[in-house]
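These numbers come from the heavy atoms of this one structure, side chains and all, not from hydrogens, waters or symmetry mates. Residue indices begin at 1 and follow the sequence shown. Everything numeric in this text was worked out from a predicted model, so none of it was measured.
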Amino acid sequence: MSNEANHFLHFLNKINPTAANNAQKMEDLIFEDPSSAIIKARVFAEGILNEVFKQEQDNIESPYLSTLFEKISFLSKEGYIKREIQQSLDIIRMSGNKAAHDGNYNDITEAFKLHKEMYKVGVWFYEVYSLDQLSIPQYEPPKPPRNDAIEDIVRKQILEFLGSSKLNELDIYKGFKDDNMTSLQGETIVEERFSIINKDLKKDESYLLRELSRLKDNSQEAIENASQFSAFKNYLHVDRKIQLEIEEILIKNHERQESNLILLCGSVGDGKSHLLAYLKENKPELISEYTIFNDATESFSPNKNAMETLEEVLHNFSDEKINLSNDKVILAINLGVLHNFINTKHSNYSYNHLKKFIEDSDLFSQKITTYFGNDKFDLLSFSDFHSFELTETGPKSSFYSSLLEKIFNSSNDNPFYLALKEDENKNLETMIHKNYKFMQNKFVQDQIVNLIIQTVVKKKLVISARAFLNLIADILIPDDIHNLNDINEFDVLEYCLPNLLFNRKERSIILQALSELDPIHRRSVFIDQLIVELNTLNDWRNVTEVYINDEIAEKWLKPFASKSNLTNSSFNIFFESFIRITFLTNKKFAYNICDISYESYTKNLYYFNSGNNAKIKLFYEEVKTSIFKWKGSPKKEYLFLNKPIEKYRLAQKLNIRPTIEHLTPIKADVLNTFRSTIVLAYHDGNSNNKIYLEIDFPLYKLLMKVKEGYRPNKKDEEDAINFVEFIDKLMKFGEKKKEIIVCFPRDNRFYMIKRDDFGAFVFERE
C-alpha cells in the first residue's frame, strides 16, 4: 500500500487534495481491484478539471457542462489544455466509462496505462497552477504490495476468473471457506442475499449520504452510456411519452426484413442515452435486431471528423446502397449535426433519399414534429417533448415529480428511505437527514418542481434528469456535515434546504437561476405584512405556527422566539430563512406572492398550443397595444416613423392584420408536446406575405410592461433586438406612400399629406 508521503502524485496534496487523494486510492487499488482503480482514475480527472474551472473562473464564461466529455472538449477548444493532455484525459475518460459500465472489465494492463496518463496530467496541472517549485520525481510504475499479500490477490483473481463453483477443484483453496457459502450434498453453493443497500459502513458513516451522493454529477452513476443500465438507474427510471413512442416504432418494425434507420434527434442532455440503455436492459427483444450508435461522432477514430464518422455509420442508407441493405440502425444524433450532414457534399456517397425524408418531416421548421416515418426511415424528435406539461391552470411536470417521488417516498423499495432508516437505527442524524425529511413534504416537492419549470421557461435552461438529480443532491447535502449535536442554531439555518436552494448560486447554472427566483427579492404586500408582524411582535411563536406548515421546519425556527434575542445581521438570517421556508411550505402564501407575468405567459402558451381562439385574439390585441405604445402613436391606427428627439414627427397608418394559419392546435387538457414560445403572424393583406414574431418569456414580460405605460430604453431595445427587427418589417406594411401625418409636438399641431383622386399631393391641417 502506498502512503500519503510517497504516492506517485503526492506533490498535488497542497494544490488539489481531492485529486491527490483519488490518485492515491487509484494506486492502492491497481493490484487488488483494477476495475475500481480505473474508475478512480476517472474521478481523479474530474477533480483536476473541476479545479481548472475554479482557478480560471474569472476568465471562463462557460455553459452548464455536466459530463467529463463536455468539460474536456470545452477546455481544449478554449486553449486551456494542450493536445497531449487532452489525449491523456480522453484515455482516462473512455477507460473509466468502460469500467463503470462493464462488470467484466477488470484489465490490470489498462490500469497501468492510466496510471502513467494520470502522472502526465498531474505534472501538467502542477506546473501550470502551483506557485511552489518542488522537484517532481520521475515517473515510476506502481509496485505490487508486500509479498505475503500477493497470494490473497492471486486467489481473488482466480476466484473471479473461474467462478465460485470451481473453488473445490483448486488445491490452494482447500479449507478456504467464505462467509457467504454453505455446503449442500458435497457441492459448494453461494447463498443469494439480496439487499437494496449494502450494509457495509462503519457506525459513524451515513448510508443516506452515500446513497444521495450517487445523485451527483461526479458519481459513477452519472456516466451515461447507451449500452449499460445499472440497477440504481433502473430504480430511478421514469417512463416518458417519448419512450412509449420509441417502443411503438420498434414493435411495428419487429421482425421486419427490410433495412430501417431510426433517427433519435435532439440536443445534449435530453435523455437519448438513458432511453437506449433502458430499452437494452428492459426490452431487449425489441432492440436486439438493431445496431445502436449513440453520438456516433464520438464513437469512432479521432482522426475522422463528425461528417466522415457519420458517413461511415450511415453508408448502407446512402442512395447507392439503401435498396441493397438489410441493416437496422438506431442513431442518436444532435439536430445541428444532422442538419450539417444532410447539407454536406459527401465524397463517397450521396444521401438525397435521407435528405428528402428529413425535409418532408418538417424537423427544422416551426411545426411540431414528434414522429415522422416512411418505409425506410423513422424519425423521433426529442425537441418538442419537454420536461414539463402545459395545462390551463399552469405548467406541471410529471417527470420531475416522479423522480422526487422515487427518492422521497416512504417505501421499503426505496434505497434512499431505507438508508435513512438504517442511519436512524445507528442514531446518526445530520442536516442531511433533516433536509431529506423536509423534502418528504409533498407541497415542498411541488414548489421545487414549479421553480425548476420557471428556470426552464424564464432562463431557457435545459435540465436533464442527471442535472436535476445533481440539483437534489446540492440542496440536500451541505458542504460541512456534522452531527446535529455539534452545530448551533444558526448553522442549522445555514445548512437547511431552503437556504441551500437559494444561497448556492456559485455551484451550478441551475442554482444561479434559482437564486434569482428567491422569494426574498419579490415585492408583495403579503411579504410586507409578514415583515411588520416580525418587527412588531415580541413573541414569534404564534407567527411561526400560522405561517410554517411543516414540523421539521418549525423546529429549525423554534430557537428564535423573538426579535429581542437577535442582532440586525442575525435577524436578517432568520428573516430570509423564514420567508424561504414559508414559501416552500405555505400554499396560500406561495400563491399570494406568485409571479403574475409568468402565470399569464404560461396560460397564453397553453392557449396558443391548444387552439383557444378567443384567448388568442385577446393576446393579439394586447401585443398590438404594446406595438403602438413602443413606437408611439399620434392617433388611432397611426404609428410614428421617426424618433421623438426630432423637432417634428412623421406617422403612417398601419392596419395590422393578424393570422393564425400557422398554428396547429393540439386538442388536449394536458399538453406533452408543444411549442415552447408564442409565435404570432401578420400579413399585409396578402396571406402569402407573412412575417412572424416569436415571443419568449423575457420579451412577453417587457411587452406587458410597455402595455402598462413603461417606456423602453436603449438596453431594452438591445435585449429585444428580434422585436425591433420585427417592427421594422411590420412598418413596411404601412400606407406611408398614400398618406403621412406630420406632427409638431411642442404646439400640438398635426398636418396630413396625402394624394387626392388625381394623384396630386394635398396638405391639410388635422
Side-chain angles (χ1 to χ4, degrees), residues 1-56 65 67-76 80-102 105-130 132-145 153 216-220 222-223 298 302:
M1 298 285 284
S2 60
N3 57 57
E4 186 175 349
N6 62 16
H7 76 88
F8 76 121
L9 292 182
H10 66 87
F11 50 86
L12 296 180
N13 285 335
K14 282 188 178 181
I15 61 171
N16 196 335
T18 299
N21 182 50
N22 283 312
Q24 180 180 352
K25 290 180 180 177
M26 187 273 183
E27 190 173 55
D28 290 342
L29 287 166
I30 281 183
F31 293 94
E32 182 179 355
D33 188 353
S35 178
S36 295
I38 292 170
I39 292 172
K40 277 296 178 186
R42 192 187 190 285
V43 176
F44 161 83
E46 286 272 12
I48 289 290
L49 293 187
N50 288 341
E51 187 63 24
V52 171
F53 277 98
K54 183 178 178 181
Q55 294 282 349
E56 303 286 358
L65 304 173
T67 67
L68 185 56
F69 172 75
E70 291 173 344
K71 293 173 183 177
I72 295 171
S73 298
F74 178 84
L75 291 175
S76 176
Y80 288 95
I81 55 177
K82 53 187 180 180
R83 183 178 178 83
E84 302 93 296
I85 300 304
Q86 179 193 355
Q87 290 175 345
S88 295
L89 289 167
D90 277 333
I91 292 169
I92 295 170
R93 172 180 63 83
M94 290 185 287
S95 296
N97 289 353
K98 190 180 294 185
H101 294 293
D102 187 348
Y105 187 73
N106 204 32
D107 189 347
I108 195 170
T109 304
E110 188 70 16
F112 266 72
K113 182 174 71 173
L114 296 197
H115 187 271
K116 188 170 185 179
E117 298 301 329
M118 289 169 65
Y119 175 81
K120 295 178 185 176
V121 173
V123 171
W124 165 79
F125 181 81
Y126 181 84
E127 291 176 344
V128 173
Y129 293 104
S130 175
D132 297 331
Q133 297 296 322
L134 292 179
S135 176
I136 298 176
Q138 293 294 318
Y139 174 75
E140 291 185 10
K143 295 180 175 62
I153 295 171
K216 291 184 175 181
D217 270 343
N218 59 2
S219 74
Q220 177 181 330
I223 304 169
E298 194 193 348

* Asked: Passes side-chain contact (heavy atoms from CB on, under 4.5 Å), Y80 versus V128? Steps please.
  -> CA-CA 10 Å; Y80 288 95; V128 173; over 6 Å; no
* Y129 versus E56, side-chain donor and acceptor atoms under 3.5 Å -> yes
* To do: Might you point out which heavy atoms bring I30 and A111 nearest each other, and give the distance in Å?
  => CD1-O, 4.2 Å
* Check for a donor-acceptor pair, side chain of N16 on one end and backbone N or O of L12 on the other, with a separation under 3.5 Å. => no
* **Gap separating the CZ atom of F53 from the CZ atom of F74, nearest 0.5 angstrom** => 6.0 Å
* To do: Evaluate side-chain contact (heavy atoms from CB on, under 4.5 Å) for L49 paired with L89, printing each intermediate quantity in order.
  => CA-CA 10 Å; L49 293 187; L89 289 167; 3.9 Å; yes
* Asked: Would E27 and M118 count as a side-chain contact (heavy atoms from CB on, under 4.5 Å) if you check the C-alpha gap in whole Å, the side-chain angles of each, and the deciding distance to 0.1 Å?
  -> CA-CA 10 Å; E27 190 173 55; M118 289 169 65; over 6 Å; no
* V52 to L75 - nearest heavy-atom pair and separation -> CG1-CD1, 3.9 Å
* **Nearest non-hydrogen partners of L29 and K40, listed with the distance** => CD1-CG, 4.0 Å
* **Heavy-atom pair of closest approach, residues F31 and K143** => CE1-O, 3.1 Å
* **Nearest atoms (heavy-atom pairs only) where A23 meets F8** => O-CE2, 3.6 Å
* Could you grab the distance from atom CG of N50 to atom CG of L68, nearest 0.5 Å is fine? => 9.0 Å
* Structure fact -> Here the gap from I15 atom CD1 to F125 atom CZ, rounded to the nearest 0.5 Å, amounts to 4.5 Å
* Rounded distance [0.5 Å steps], CZ in F11 versus CD in E127 -> 8.5 Å
* To do: Measure the CD1-NZ distance between I85 and K120 for me, rounded to the nearest 0.5 Å.
  => 8.0 Å
* To do: For the pair F44 and M26, evaluate side-chain contact (heavy atoms from CB on, under 4.5 Å) and give the outcome as yes or no after the intermediate values.
  => CA-CA 9 Å; F44 161 83; M26 187 273 183; over 6 Å; no
* Asked: Atom NE2 in H115, atom CD in E140: separation rounded to 0.5 Å?
  -> 9.5 Å
* Asked: Looking only at heavy atoms, which two atoms of G47 and A19 are closest? And how far apart?
  -> C-CB, 4.5 Å
* Asked: Within the distance-only criterion (no hydrogens, no angle test), does the side chain of N13 pair as donor or acceptor with the backbone N or O of H10 below 3.5 angstrom?
  -> yes
